[in-house]
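The chains referred to below are lettered A, B, ... by the order of the sequence lines, with proteins before strands, and numbering in each begins at 1. What you see is a predicted model; the values in this text were computed from it and never measured. The figures here come from the full heavy-atom set of this structure, side chains too, leaving out hydrogens, waters and symmetry mates.
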Amino acid sequence: MADSRRGFLLRAAAGSGALMLSGCTSLSQQSWVVNILDEVENLTRRAQRLFAGSHALAPEFAKADIAPNFRANGTLNPATADYAAHAANGFADWRIAVGGLVERPLSLSMADLHAMPARTQITRHDCVEGWSCIGEWTGTPLALVLAAARPKPQARYVMFFCADPMGDPSAGAPFYYESLDLLEATHPQTILAYALNGAALPVENGAPVRLRAERQLGYKMAKYVQRIALVENFNQINGGKGGYWEDLGYNWYAGI
Amino acid sequence: MSTPAADAAGHAPPARVPSWLRRALGLAPRGPHYFFYRHRLPVRIAHWLNAVVLFVMLLSGLQIFNAHPALYWGISSDFAHPLLSLTAQGDDTHLTGITQIGPWRFDTTGVLGASDENGQVVARGFPQWATIPGPRWLAMGRLWHFLFAWLFVANGSLFIAWALWSGHARNDLAPTRDDIVHLLQEIADHARLRFPRGEAARRYNGIQKMTYFLVIFGLGPLIVLTGLTMSPTLDAAFPQLLWIFGGRQSARTIHFLCAFSFLGFFIVHIVMVVLSGTWNNLRSMISGRYVIEGERHG
């Protein structure tokens, strides 16, 4: 784990020799420092879980608190011909594959999702940058989808693979992806949202389906979700850190 | 003062050094004096740990702030009406840094809003010399901030527990009735740079007590709690935090104000340390020994 984080840091350092300007900046590239920082993340996760447990609910708000324009961040419109075709078709043929370590792999259409019990929640979206925005989300509790797929006992994480490339895919740019552990994935407010403020989810907010994990920061809430996979660990997936931003050095645990 | 004269052994009298300079240089006072054990070991350890921790907390905090250099009041961000924002205007060839506080706008190019990063003026809230790491690197700023946040809480909790257990809080820090009654006089004396001497210097004066008391038992806990309120998971565990601070964005603003209150405290603290005897103060916070002028009483 430390090696690939270190590799990233060395690449970042090579990209800018001037990074060595300040002492703390150069310390940030030492693997033993990075190991300590990784351990702090584990400590923070354990401490927060101690108090929040698996069921403490994120605060929900009143209709009057909803932002007139929900701020969209990250990808605003996936730049692929495939996505454009789905959008032109009103996402009628969009399917979400649920696979990996499950007894019963699924392929859910939007109609399948709509047919399942739904949850509507007015919640606050907290970006890692520091801002907050309130919106009303409607979607299918992920716990129901997982229960239908019947995770195998060794499954520990739920991966979300998305339709938005983070750069030029022909140049090897990765597609956005994210992961939650089963505790957060089966939380009552963790939903596959298909509506925002009572209307179909707009493209800039992740149409047709995005993840909402209300006790986490915004980057965990993958948009344009196309494939869900249960895994035992994510060491071999992309950068091995469990998410697009995690591969770039952000904490996997995003409860803070 | 009597006229200087050679002593019995024939040594020439020392040249006169003004008393303020003697104090600044740490020279023993000319008159009678004695050493007094002023700061106990836990105070000294907590003090220097805290100095390092606060330094990293402030600079990594400014790195995090730079990811969205604006403050709001309430439960969410009203992007059109920030309380404060540090933005950049213009194009790549010429950027102007704008600091906006409520309706007031200031050109702060070079320091706030737009400043030099590795030889190029870029849009950034606080300048490179004020952030850890220097260049824009939110992920690493967060890692530093959260590591030192644990250290801040551990150090602060141990110190407060010790202060309550040992009587330091009650005997040395809690302002007395007398301190409060004489506060105005104390402020006037401080403004004229007259600091307590002799026996009176063995204790913290009223302003010191009130300041230290508020910083340790007010500002410290407040900056921790407002920091925790920004965590979405802890908001689920303790929604009371949101009620206390009026929402996550208010908490973030209070957190920012607390950080700059710490900075203000630090600046005044350093000025006072220098004016009231740099080396005597510094030595007493390293070894505990503090020179008191005058005869020892009791």
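Taking 4.5 Å as the limit, some side-chain heavy atom of A:Gln48 sits within range of a side-chain heavy atom of B:Ser231. Taking 4.5 Å as the limit, some side-chain heavy atom of A:Ile36 sits within range of a side-chain heavy atom of B:Leu147. Two residues are said to be in side-chain contact when any heavy atoms from C-beta on lie closer than 4.5 Å; A:Tyr250 and B:Leu138 meet this criterion. Using a 4.5 Å heavy-atom threshold, the side chains of A:Arg215 and B:Leu234 count as separate. Proximity of B:Met230 to A:Asp126: side-chain heavy atoms (C-beta onward) are nowhere separated by under 4.5 Å.
Heavy atoms of other residues, nucleotides or ligands lying less than 6.0 angstrom from CZ of A:Arg119 number more than 12. Atom NE2 of B:His47 is surrounded by more than 12 heavy atoms from other residues, nucleotides or ligands within 6.0 Å. The 12-atom threshold is not exceeded at CZ of B:Phe266, counting heavy atoms of other residues, nucleotides or ligands nearer than 6.0 Å. Few gaps surround CH2 on B:Trp150; more than 12 heavy atoms of other groups in view lie less than 6.0 Å from it.
Across all their heavy atoms, A:Gly249 and B:Ala139 have their closest contact at O-CB, 3.5 Å. Of all heavy-atom pairs between B:Ile75 and A:Phe61, the closest is CD1-CD2, 3.9 Å.
With rounding to the nearest 0.5 angstrom, the CD atom of A:Glu214 is 11.0 Å from the OG1 atom of B:Thr233. In this structure, A:Ile256 CD1 and B:Phe146 CZ are separated by 4.0 Å, a value rounded to the nearest 0.5 Å. In this structure, the separation between SG on A:Cys133 and CG on B:Asp78 is 10.0 Å, given to the nearest 0.5 Å.
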For a quick test of your reading: what N or O donor-acceptor pairs under 3.5 Å do the side chains of residues 238-246 of chain B make, sequence neighbours left out?
none

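Looking at A:Val33, the atoms closer than 4.5 Å to chain B (heavy atoms on both sides) all sit in the side chain, from C-beta outward. Within the 4.5 angstrom heavy-atom criterion, no atom of A:Ala67 approaches chain B.
Seen from the ring of B:Phe79, A:Arg71 counts as a face-on cation partner, given the 6.0 Å and 45° thresholds.
Contact count versus chain A (heavy atoms, under 4.5 Å) is highest, among B:Arg248, B:Arg142, B:Gln249, for B:Arg248. Among A:Gly53, A:Pro59, A:Ala58, A:Ala47, the residue making the largest number of heavy-atom pairs under 4.5 Å with chain B is A:Pro59. Options B:Gly227, B:Ala237, B:Ala236 differ in how many heavy-atom pairs under 4.5 Å they form with chain A, and the most are formed by B:Ala236. Taking chain B as the reference chain and counting heavy-atom pairs below 4.5 Å, the highest number among A:Leu43, A:Asn69, A:Ile134 is found for A:Leu43.
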Would B:Ser76 and A:Trp131 satisfy side-chain hydrogen bond (donor to acceptor under 3.5 Å, both in side chains), going step by step from the backbone distance to the final call? CA-CA 7 Å; B:Ser76 60; A:Trp131 51 268; over 6 Å; no
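Using a cut-off of 4.0 Å between Lys/Arg side-chain N and Asp/Glu carboxylate O, A:Arg124 and B:Asp235 are scored as salt-bridged.
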